[in-house]
Amino acid sequence: MGAMNLFTEMRGLVIDSLNQMVAAGDLPADLDFAAVAVEPPRDAAHGDMATNAAMVLAKPAGKKPRDIAQTLAAHLQSDARIDSVDVAGPGFLNLRLSASLWQGVVANVLAQGTGFGRSTMGAGQRVNVEYVSANPTGPLHVGHTRGAVFGDALASLLDFAGFEVTREYYINDGGAQVDVLARSVYLRYLEAHGRSVEFADGTYPGDYLVPVGQALKEKVGEAYLDQPEEVWLVEIRDFSTDAMMALIRADLKALGVEMDRFFSEKSLYGTGLIEAAIETLRDKGLIYRGVLEPPKGKTPEDWEPREQTLFKSTEHGDDVDRPIQKSDGAWTYFAPDIAYHYDKVERGYDLLIDIFGADHGGYVKRMKAAVSALSGGRVPLDIKLTQLVKLWKNGEPFKMSKRAGNFVTLRDVVDQVGPGVTRFHMLTRKNDAPLDFDFDKVLEQSKENPVFYVQYAHARVQSVLRKAADAGIATDDATLKAADLSLLAHEAEQAVMRKLAEWPRLVEIAARGNEPHRIAFYLYDLASDFHALWNRGNDDASLRFLQEGDVATSQAKIALARAVAVVISAGLGILGVTPAEEMR
RNA sequence: GCACCCAUAGCUCAGCUGGAUAGAGUGUCGCCCUCCGAAGGCGAAGGUCGUAGGUUCGAAUCCUACUGGGUGCGCCA
């Protein structure tokens, strides 16, 4: 069957040839071939694949690039998989592969199904992806939605690339904001008892707390009426955060996100875990008492120098040391975060990934410093920031929400356009680029809408399969795989096969950079090539997938279409989007 | 003041951890189709990749300095 990834297979051939050249004395021994790459050429006219081997080896080998290229070309030429080799430009080798190799890709896809393209690059490595981690004080809004989609797709991508992935949500239920939540719910509780209340600044006025107040009334009756805060705060806080987490879990479920683990900040308190994490840092000489300088150019009005317990994060790349205890001795928010990440390190992950909103960018260096210090540099932490989402509707900015008051919720979005459209569109930009989300455009049925265009390609394949079944043609994968794929000789068909062959390579590139948006762009390109082939069928009937009276040719062409659908399904699966059977 | 992110076609954006003549959609212009193989097709024009240096055989990509935009900057999370 051969390697799944044609590019790595061809790179292997190039390396073998280079080794033969070493053995023959054409190249010096002990050359490092790491920089040798086999890639798709920018221009298809150059061939199927190109290698830079001659250029990167010229200097270390002390030879001219074109001389190396000529000898290497002769070696490659003798391999049956290579149709032709030519030397171009400063020393590129352009390879043209035999048609059977591309046709084999189709058979490969059909044999492996949506497992085609799975990589082993992450084999044996455990990665923890932490995302969303919204405060448990209300429903998720659009910003959270982007983080949720990005984190979830990234987790799936890493899984596809062979990593063992944990999806995790850190619940900030230990800070002052959950006290505010409790007081807000208390007001709704009073309201449920017919009292008239006012929502002062520093409370959460959103309607979503009305049912929580009602539920609290049903649970405790009149017990908290006219009682001081000391009586009810702790209990209402627990009750309310539980209610909010139930709400958030339901929001995530509506989007199709399912976490492996929810980690409570509160669970760190009173257990010695924070103290243990800080002690670990203290043992490394990274904890001290000191006074921070005020930030230059932006001195707070009420600045007073105060002695605090500080983490020497500057020793691990941060700009200033960071306080872990307030002047009254209580932990800052950073301390439990350190403990939480310490816990992740102790759980033995090989790689940690955090997804933050862009407004938390200032937090990146200190978090990386903490993980670097806690793990002794063993565990890398990659932090991805998701930029703002700007909503549009009817051609103008949209920011109203029925339930939450001043922000648009995840539910507002998912209820209107569906989880699939939401997820795909959220990945049509790099994570660190701002994103426009237009409620009208994401539902538009045209080429300029990537969601539609990709789904349409999949639906067209399904349509072909249905029609083939009507015509009595067998289209199960086992039959298609055995079809005579040498009948797929047309350039437009070859183009689709070449694109399919890029899938395993693209998965690794996307996984290496933690960049799931590349999947979305690839799917658009693949769909585009498929649509182009389909359109050719309008003018040239011999390019249609169903050839009346010619079962063998039909099955070969259907095999290609089916392979496209399989790869689209695999890609959409990573993005968390269900492929469409038809476009109605 | 400092740190981080960003700057690519008129517009919205890709650009595969340094490769060849920098791509797509949209818009503009020209031709074709009005067919359920349907929600258009083909082609053209359009770029000093923010500016100026540097590293390299080779830079949109890496380094430095600027310009312009966003985010953040002790006892909020």
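Heavy atoms only: backbone and side chains are in, while hydrogens, waters and symmetry mates are out.
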With sequence neighbours excluded, residues passing salt bridge (charged side-chain N to carboxylate O under 4.0 Å, His left out) with A:Arg306: A:Glu304
How close or far is atom P of B:G37 from atom CD of A:Glu548, stated in whole angstroms? 13 Å
Verify stack between A:Phe92 ring and B:A20 base, 5.5 Å, 30 degrees: yes
Please determine if A:Glu448 and A:Lys441 form a salt bridge, counting it only when a charged side-chain N lies under 4.0 Å from a carboxylate O. no
Show each protein N/O and nucleotides 75-77 of chain B N/O combination with a separation under 3.5 Å, one pair to a line.
residue : atom : partner  : partner atom : Å
B:C75   : O2   : A:Arg306 : NH1          : 3.3
B:C75   : O2   : A:Ser327 : OG           : 2.6
B:C75   : N3   : A:Arg306 : NH1          : 3.1
B:A77   : OP1  : A:Lys326 : NZ           : 3.3
B:A77   : O3'  : A:Asn172 : ND2          : 2.8
B:A77   : O2'  : A:Asn135 : OD1          : 3.0
B:A77   : O2'  : A:Asn135 : ND2          : 3.4
B:A77   : N6   : A:Tyr333 : OH           : 3.0

Which pairs, protein N/O on one side and nucleotides 2-5 of chain B N/O on the other, fall under 3.5 Å?
residue : atom : partner  : partner atom : Å
B:A3    : O3'  : A:Lys365 : NZ           : 3.0
B:A3    : O2'  : A:Asp319 : OD2          : 3.2
B:A3    : O2'  : A:Lys365 : NZ           : 3.3

To the nearest Å, how far apart are A:Leu506 CG and B:U17 C1'? 14 Å
Scan side-chain atoms only and decide if A:Thr203 and A:Arg183 contain a donor-acceptor pair under the 3.5 Å cut-off. no
Can you give one letter per nucleotide of nucleotides 42-48 of chain B, 5' to 3': B if a protein heavy atom sits under 4.0 Å from the base, S if only from the sugar-phosphate, - if neither? -------
Taking CD from A:Glu448 and C1' from B:A39, how many angstroms apart are they, rounded to a whole number? 12 Å
Have a look at A:Asp321 and say if it touches a base, only the backbone sugar-phosphate, or nothing, with a 4.0 Å heavy-atom cut-off. nothing
Keeping A:Thr428 on the side-chain end and A:His425 on the backbone end, is there a donor-acceptor pair under 3.5 Å? yes
Are any of the side-chain nitrogens in A:Asp354 or A:Lys344 under 4.0 Å away from the carboxylate oxygens of its partner? yes
Quick check on B:A38: is either OP1 or OP2 less than 4.0 Å from any side-chain nitrogen or oxygen of A:Asn538? yes
Taking every heavy atom of A:Asn394 against every heavy atom of A:Asp440, the minimum-distance pair comes out as N-OD2, 2.8 Å
Taking the C1' atom of each, how far is B:G54 from B:C11, in whole Å? 34 Å
Between A:Phe150 and A:Tyr131, does the ring centroid distance fall short of 6.0 Å? no
With the threshold set at 4.0 Å, does a side-chain nitrogen-carboxylate oxygen contact exist between A:Arg322 and A:Asp318? yes
Could you say whether A:Asn52 or A:Gln445 is positioned toward the 5' end of RNA chain B, judged by the nucleotide with the nearest heavy atom to each? A:Asn52
If the P atom of B:A65 is compared with that of B:G25, how far apart are they to the nearest Å? 39 Å
Integer angstrom distance from the C1' of B:G70 to that of B:C33: 46 Å
Side chains of A:Arg460 and A:His531: is there a donor and an acceptor less than 3.5 Å apart? yes
Just to verify, which of A:Tyr333, A:Phe356, A:Tyr340 counts as forming a ring-ring contact (aromatic ring centres under 6.0 Å, His included) with A:Tyr170? A:Tyr340
Might you list the N or O atoms of the protein lying below 3.5 Å from N or O atoms in nucleotides 56-60 of chain B, with each pair's distance?
residue : atom : partner : partner atom : Å
B:C57   : OP1  : A:Lys59 : NZ           : 3.0

Looking only at side-chain N and O atoms, does A:Ser542 offer a donor or acceptor that is under 3.5 Å from a partner on A:Asp540? yes
Under 4.0 angstrom, heavy atoms only, what part of the nucleic acid is A:Glu39 near: base, sugar-phosphate, or nothing? sugar-phosphate
On RNA chain B, compare the nucleotides closest to A:Phe545 and A:Ala50; which residue's is nearer the 5' end? A:Ala50
OP1 or OP2 of B:C6 under 4.0 Å from side-chain N/O of A:Lys430: no
Given the C1' atoms of B:G18 and B:C5, what is the spacing between them in whole Å? 22 Å
With no hydrogens and no angle check, do the side chains of A:Ser327 and A:Gln308 hold a donor and an acceptor under 3.5 Å apart? no
Roughly how far apart, to the nearest Å, are B:C6 and B:G46 at atom C1'? 25 Å
Mind calculating the distance between NZ (A:Lys390) and P (B:G70) to the nearest angstrom? 12 Å
Testing the 3.5 Å rule here: is there a donor-acceptor pair between the side chains of A:Asp173 and A:Ser264? yes
Residue-phosphate contact under 4.0 Å: A:His517 side-chain N/O, B:G15 OP1/OP2: yes
Taking atom P of B:C36 as reference, at what distance in whole Å does atom CD of A:Glu582 sit? 18 Å
Please work out which of the three classes, parallel, tilted or perpendicular, describes the rings of A:Trp534 and A:Phe530, given edges at 30° and 60°. tilted
Rounded to whole angstrom, note down the P distance from B:C36 over to B:G27. 25 Å
Establish whether the base of B:C16 is bridged to the side chain of A:Arg505 by a donor-acceptor pair shorter than 3.5 Å. yes
Sort out for me which residue in A:Arg518, A:Arg512, A:His517 forms a side-chain hydrogen bond (donor to acceptor under 3.5 Å, both in side chains) with A:Glu515. A:Arg518
Which part of the nucleic acid, if any, lies within contact of A:Ala358, taking any heavy atom under 4.0 Å across all strands shown: a base, the sugar-phosphate backbone alone, or nothing? sugar-phosphate
With P as the reference atom in both, quote the distance from B:G50 to B:A7 in angstrom, rounded to an integer. 8 Å
A:Arg11 CZ to B:C16 C1', in whole Å, measures 15 Å
Tell me yes or no: between the side chains of A:Asp321 and A:Tyr288, is some donor less than 3.5 Å from an acceptor? yes
Side chain of A:Arg518 (C-beta onward), nearest among B:A14, B:G15, B:A39: B:G15
Rounded to the nearest Å, what distance is computed from the CD atom of residue A:Gln455 to the C1' atom of nucleotide B:A38? 17 Å
Atom P, compared across B:A45 and B:U64: separation rounded to whole Å: 39 Å
Taking the six-membered ring for Trp, are A:Tyr522 and A:Trp503 ring centroids under 6.0 Å apart? yes
Using atom CG of A:Asp436 as one end and atom P of B:U12 as the other, report the distance to the nearest whole Å. 9 Å
Can you confirm whether the side chains of A:Tyr453 and A:Gln445 place a donor and an acceptor under 3.5 Å from each other? no
Whether A:Asp319 and A:Lys365 form a salt bridge (side-chain N of Lys/Arg under 4.0 Å from carboxylate O of Asp/Glu) is what I want to check. yes
Could you run through RNA chain B and flag its stems, i.e. three or more consecutive Watson-Crick or G-U pairs with both distances under 3.5 Å? B:1-5 with B:69-73, B:10-13 with B:23-26, B:28-32 with B:40-44, B:50-54 with B:62-66
Kindly say if A:Trp534 contacts the phosphate of B:G41, meaning a side-chain N or O under 4.0 Å from OP1 or OP2. no
Quick one: is A:Tyr456 getting a side-chain N or O under 4.0 Å of the B:A39 phosphate, OP1 or OP2? yes
It should be established whether A:Arg429 places a side-chain nitrogen or oxygen under 4.0 Å from OP1 or OP2 of nucleotide B:U12. no
